Amino acid sequence: MPEGPSILILHEEIKKFTNQKVIEISGSAKIDKDRFINQKIIDFKTFGKHTLICFKDAAIRIHLLMFGTYLINDSKSTPLKIGLRFNKGELNFYTCAVSVVEGNLNDHYDWSADIMNDKWSAKNAKEKLDEFPKAMICDVLLDQNIFAGLGNIIKNEILYRTKIHPESIVGKLPEKKIKTLIKEARVYSFEFLEWKKENTLTAHWLAHEKKICKRCNLPLIKKHTGKNKRRSYFCTNCQELYK
DNA sequence: AGTCATGTTGACGA
DNA sequence: CTCGTCAACATGAC
C-alpha cells in the first residue's frame, strides 16, 4: 500500500474530516485512545509514509507498513487497528502501526526530507547523502531520514532511469549523477502519484518486477541488495556500477 | 501449502 | 554501548 505518493492519495480522501469531532475511537492500537474523544481534528498532514491526524496538542501517527489498508465510511471483518467515528462518517485503519506524536509536529519532522512535500530540499538530501560515502545507493535511497516516502518501487525505477547500479557506492558516484538521481526521486514520485490515480502504475514500471530491459533487450537481474536486502531489479548492461 | 512482498521496530547477542 | 541480525507484525497474490 504505502510509498509517499499513495499516502498523498489517502490524505486527499480523508481530509474532508478536518474540523470533525471524534465521537468514538476503537481498535487494538496500543495508545491512549480515550484522550482523543470529543477532540476536534484540526488538520491532517503527511510525512513520507506517515499519515498524521492532528489534534490540539498531539497527533495520531499511522504507518501502513506493507499491507495496511483503510476504509472511509465503511468497515470490514479483519481486526480493526484504529477506527475513528464522527457525527457524520467514520475512518478505519487495518494492519498498520499506530503511535502518538506529542506536541508540535515541527519538533519531530524535518519536512524538507519528505519527497512529496512542498518544502522538499534536494540540497539537504545531498548533504545528508554525503554523510554515507561507503554505503550502497540502494540502501541510502530507502533511508527515511533522507528520502521520506521513497519506497522499494521508486528506488528500483529511479535507479533504472538514471542508469545507476543499485550496488553502487555513494562516495564513488559522480556529483552530477547524484544530483540527477535526487532530482529524479521527486520527479518520478509525482509521476507515480498520477499513474496511481489513473490505476496505471504497474503498467508504467520499467524495472520493478520486470524481466527484460526495454532499452537493450537483455534480461534484468533480480537480486536482494545492500544491508537491507530488499529486491532490486536492474540491467547490468545499462546501469553502471560505481565502486 | 508455502513463499514472498510497495516496511518498520524492538529484542537479543556478539 | 553499539552494531548487526532476526523475529514479529499480518494480508493477499501467486
Side-chain angles (χ1 to χ4, degrees), chain A residues 1-13 27-31 46-52 59-71 74-83 92-101 108-110 113-116 131-161 166 184-211 220-234:
Chain A
M1 184 60 226
E3 290 219 25
S6 302
I7 303 305
L8 234 58
I9 293 171
L10 162 59
H11 181 246
E12 278 303 304
E13 293 176 351
S28 62
K30 288 180 178 47
I31 61 166
T46 66
F47 174 81
K49 299 165 188 169
H50 299 181
T51 301
L52 298 157
I60 297 175
R61 188 193 96 170
I62 293 168
H63 195 308
L64 296 179
L65 302 174
M66 287 266 229
F67 331 115
T69 52
Y70 60 97
L71 287 172
D74 197 3
S75 60
K76 58 178 178 177
S77 60
T78 54
L80 177 67
K81 198 73 180 192
I82 188 163
N92 296 310
F93 293 90
Y94 307 84
T95 333
C96 53
V98 182
S99 59
V100 174
V101 182
H108 295 88
Y109 292 108
D110 169 11
D114 178 0
I115 50 168
M116 306 307 291
E131 294 172 25
F132 303 96
K134 291 180 178 167
M136 280 186 187
I137 193 67
C138 60
D139 283 327
V140 186
L141 280 176
L142 293 172
D143 185 332
Q144 299 299 298
N145 292 314
I146 309 179
F147 298 101
L150 200 154
N152 206 35
I153 296 171
I154 298 177
K155 178 200 82 178
N156 283 326
E157 292 296 316
I158 64 177
L159 287 171
Y160 181 79
R161 279 187 170 192
E184 197 56 42
R186 182 163 166 94
V187 170
Y188 180 78
S189 294
F190 280 91
E191 290 178 11
F192 180 126
L193 173 62
E194 292 311 311
W195 292 331
K196 181 90 183 174
K197 283 183 188 167
E198 300 172 355
N199 237 341
T200 62
L201 178 66
T202 56
H204 280 93
W205 287 345
L206 294 177
H208 192 76
E209 293 186 341
K210 292 292 166 185
K211 299 222 179 323
L220 287 177
I221 306 296
K222 173 188 171 182
K223 183 180 177 187
H224 290 84
T225 61
K227 269 189 202 170
N228 61 37
K229 296 188 166 51
R230 301 293 300 281
R231 285 193 301 176
S232 288
Y233 294 84
F234 54 97

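Only a predicted model underlies this, so the values are computations on that prediction, with no experimental measurement involved. Below, each value reflects all heavy atoms present in this structure, side chains not excepted, and no hydrogens, waters or symmetry copies. Below, chains carry the letters A, B, ... as their sequence lines are ordered, and counting in each starts from 1.
- Straight-line distance between the P atoms of B/dT6 and C/dG4: roughly 23 Å, to the nearest whole Å.
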When Watson-Crick pairs (N1 to N3 and N6-O4 or O6-N4) and G-U wobble pairs (N1-O2 and O6-N3) count only below 3.5 Å on both distances, what is the dot-bracket string of DNA chain C, with | for other-strand pairs?
.||||||||.||||
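- Side-chain proximity of A/Lys222 to the nucleotides B/dA5, B/dT6, B/dT8 is greatest for B/dA5.
- Among residues at least two apart or in separate chains, salt bridge (charged side-chain N to carboxylate O under 4.0 Å, His left out) pairs with a member in residues 198-211 of chain A are A/Glu209-A/Arg231.
- No hydrogens or angles considered: a donor-acceptor pair under 3.5 Å links the side chains of A/Tyr109 and A/His50.
- Of the N and O atoms on the side chains of A/Ser6 and A/Lys49, not one donor lies less than 3.5 Å from an acceptor on the other residue.
- The side chain of A/Arg231 places no N or O atom within less than 4.0 Å of a non-bridging phosphate oxygen (OP1 or OP2) of B/dT3.
- Between the CG atom of A/Asn228 and the C1' atom of C/dT5 there is a distance of 13 Å, given to the nearest Å.
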Contacts under 3.5 Å, N or O only, protein and nucleotides 7-14 of chain C:
none

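- Backbone-only engagement by A/His224 is indicated by non-hydrogen atom pairs under 4.0 Å involving sugar-phosphate atoms exclusively.
- Counting only residues at least two apart or in different chains, salt bridge (charged side-chain N to carboxylate O under 4.0 Å, His left out) contacts with residues 186-195 of chain A comprise A/Arg161-A/Glu191, A/Glu194-A/Lys197.
- Residues satisfying the ring-ring contact (aromatic ring centres under 6.0 Å, His included) test with A/His204, not counting sequence neighbours, are A/Trp195.
- Residues from residues 141-150 of chain A with heavy atoms under 4.0 angstrom of DNA chain B, sorted by number: A/Gln144.
- C/dA8 and B/dT3 are spaced 15 Å apart, taking the P atom of each and rounding to whole Å.
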